[in-house]
Number of protein chains: 2
Amino acid sequence: MINVKDRLVFLQEKLTSKNYRVTPQRLLIMEIFCQHEGAHLSAEDIYRLVSQQFPDIGLATVYRTLELFAKMGIIERVHFGDGKNRYELTQHGKHAHHHLICIKCGGVAEVDEDLLEKLERAVGEEYQFDILDHQVKFYGYCQRCRKGDTHD
Amino acid sequence: MINVKDRLVFLQEKLTSKNYRVTPQRLLIMEIFCQHEGAHLSAEDIYRLVSQQFPDIGLATVYRTLELFAKMGIIERVHFGDGKNRYELTQHGKHAHHHLICIKCGGVAEVDEDLLEKLERAVGEEYQFDILDHQVKFYGYCQRCRKGDTHD
DNA sequence: CTGTTTGCAAATGGTTTGCATAACC
DNA sequence: GGTTATGCAAACCATTTGCAAACAG
């Protein structure tokens, strides 16, 4: 797990520099993200987790904070098509948007490497598109479900 | 545009073979898809379009039909993260899930070629995942918005 | 005829918003 | 102290569901 303290200091500075206020709710939400590196948390997930330490937090605050963090580039939205937005810490220097989604158990695994850089460049040139980021989803059966073999 | 008549006959057969009933609503919705090849239609879009020819259709019927068509593999859901599901005709023999999404104007362009086959195979092997399909989204600025240059 | 499909309206679930109060700076 | 952020409840929007009536086979 990442150095939480560093992240929190960084957040604090970034908030202050943009004239946003440093509040316990915002710090806590960032802490949750650090403690769940690699997870794809929904607003509800975060609400539940934060509530354990800060029972008075409102769901709306969670949503507003996620909106803010996303706008600041600290976290990113990812969509798995399950009806809810999910969020993960922005990985600086490399994208982390390759997901393997099992269409049976719904499990989501993350693919680390950025095998797509070449493709990104090629497509960007061909279509005259200034590509800043990408997101790749592979749909199929994970190892476990593959064995089960009861593909309905 | 694709041969609409062929598509409709195909749909009719497929419905009958699975003991689903052939209804004017279902045929009309398929017709709309054929007439908007390449578009990424939301349920609301389809409802609006079908209503012009069949004013009594209910929105729920549209949703149920989309669900059915997706289950039958005739159409596919794509997610652009704008809060609504979008649908497009399944392209047999090739995937058509490469989208260029402009983060300024929201425009969506489609990338035709399947440059991802190699990557798909490699990732599948490495992660022991039985990959059936993939979906790629590139986020950035389209040619037009790039010129405008007022990025934000 | 019989079971599937439809339209309507009400319910649902995730997310947003208005507003008075509380908290940061 | 002035403004920003919060919590609550109500509003919102896309989608789903229950049910009686309509329709396909």
Side-chain angles (χ1 to χ4, degrees), chain A residues 8 11-30 32 40-72 74-87 106, chain B residues 8 11-30 32 40-72 74-87 106:
Chain A
L8 291 179
L11 173 62
Q12 224 155 335
E13 286 169 359
K14 202 148 187 178
L15 285 171
T16 306
S17 80
K18 300 211 175 186
N19 272 38
Y20 296 126
R21 294 186 175 168
V22 177
T23 69
Q25 291 91 334
R26 288 174 179 172
L27 292 173
L28 262 168
I29 290 174
M30 177 51 64
I32 294 295
H40 312 98
L41 302 170
S42 67
E44 194 63 42
D45 292 339
I46 292 161
Y47 176 64
R48 240 183 332 97
L49 290 165
V50 176
S51 293
Q52 293 171 11
Q53 299 175 243
F54 195 110
D56 277 356
I57 196 169
L59 186 50
T61 300
V62 173
Y63 275 103
R64 283 187 280 233
T65 303
L66 292 173
E67 174 81 33
L68 179 68
F69 285 5
K71 199 166 64 183
M72 291 169 64
I74 293 174
I75 60 174
E76 313 211 6
R77 255 178 257 261
V78 286
H79 313 109
F80 296 145
D82 64 346
K84 47 188 96 168
N85 288 326
R86 297 179 169 278
Y87 300 85
Chain B
L8 291 179
L11 172 61
Q12 224 154 337
E13 287 168 359
K14 202 148 187 179
L15 286 170
T16 306
S17 80
K18 300 211 177 186
N19 272 38
Y20 295 126
R21 296 192 172 161
V22 177
T23 68
Q25 290 91 334
R26 288 174 178 171
L27 292 173
L28 262 168
I29 289 174
M30 177 51 64
I32 295 295
H40 313 98
L41 302 169
S42 68
E44 194 64 42
D45 291 338
I46 292 162
Y47 176 64
R48 238 181 335 94
L49 290 165
V50 175
S51 293
Q52 295 171 10
Q53 299 176 245
F54 195 111
D56 277 356
I57 196 169
L59 186 51
T61 300
V62 174
Y63 276 103
R64 282 186 283 233
T65 303
L66 292 173
E67 174 81 35
L68 179 69
F69 285 5
K71 199 165 65 184
M72 292 169 63
I74 294 173
I75 60 174
E76 314 212 5
R77 255 179 259 261
V78 286
H79 313 111
F80 296 144
D82 63 346
K84 46 189 99 170
N85 289 326
R86 296 179 170 279
Y87 300 84

Check the phosphate of D:dT16 against B:Y63, side-chain N and O only, distance under 4.0 Å to OP1 or OP2. Yes or no?
no
Within the side chain of A:T61, is there an N or O that forms a donor-acceptor pair under 3.5 Å with the backbone of A:I57?
no
Check every atom of C:dC25, C:dT6, D:dG25 against the side chain of B:V22 and return the nucleotide holding the closest atom.
D:dG25
If I take atom CZ in residue A:R77 and atom P in nucleotide C:dT16, what distance separates them, rounded to the nearest angstrom?
7 Å
How would you list, by chain and number, every residue that makes a salt bridge (charged side-chain N to carboxylate O under 4.0 Å, His left out) with B:E67, sequence neighbours excluded?
B:R77
Checking B:H79 now: which residues fulfil ring-ring contact (aromatic ring centres under 6.0 Å, His included) with it, not counting sequence neighbours?
none
Remember a base hit wins even if backbone is also touched, and classify A:N85 as base, sugar-phosphate or nothing at under 4.0 Å, heavy atoms.
sugar-phosphate
Quick check: on DNA chain C, is the nucleotide nearest A:Q25 upstream (toward 5') of the one nearest B:I57, or the reverse? Name the residue that is more 5'.
B:I57
Output the rounded distance in Å from CG (B:D56) to C1' (C:dT6).
11 Å
Within the 4.0 Å heavy-atom criterion, would you say B:R26 contacts the bases, only the backbone, or no part of the nucleic acid?
sugar-phosphate
Does B:R26 use its side chain to pair, donor to acceptor, with the backbone of B:R21 at less than 3.5 Å?
yes
Under the 3.5 Å rule, do the base of D:dT3 and the side chain of A:R21 count as making a donor-acceptor pair?
yes
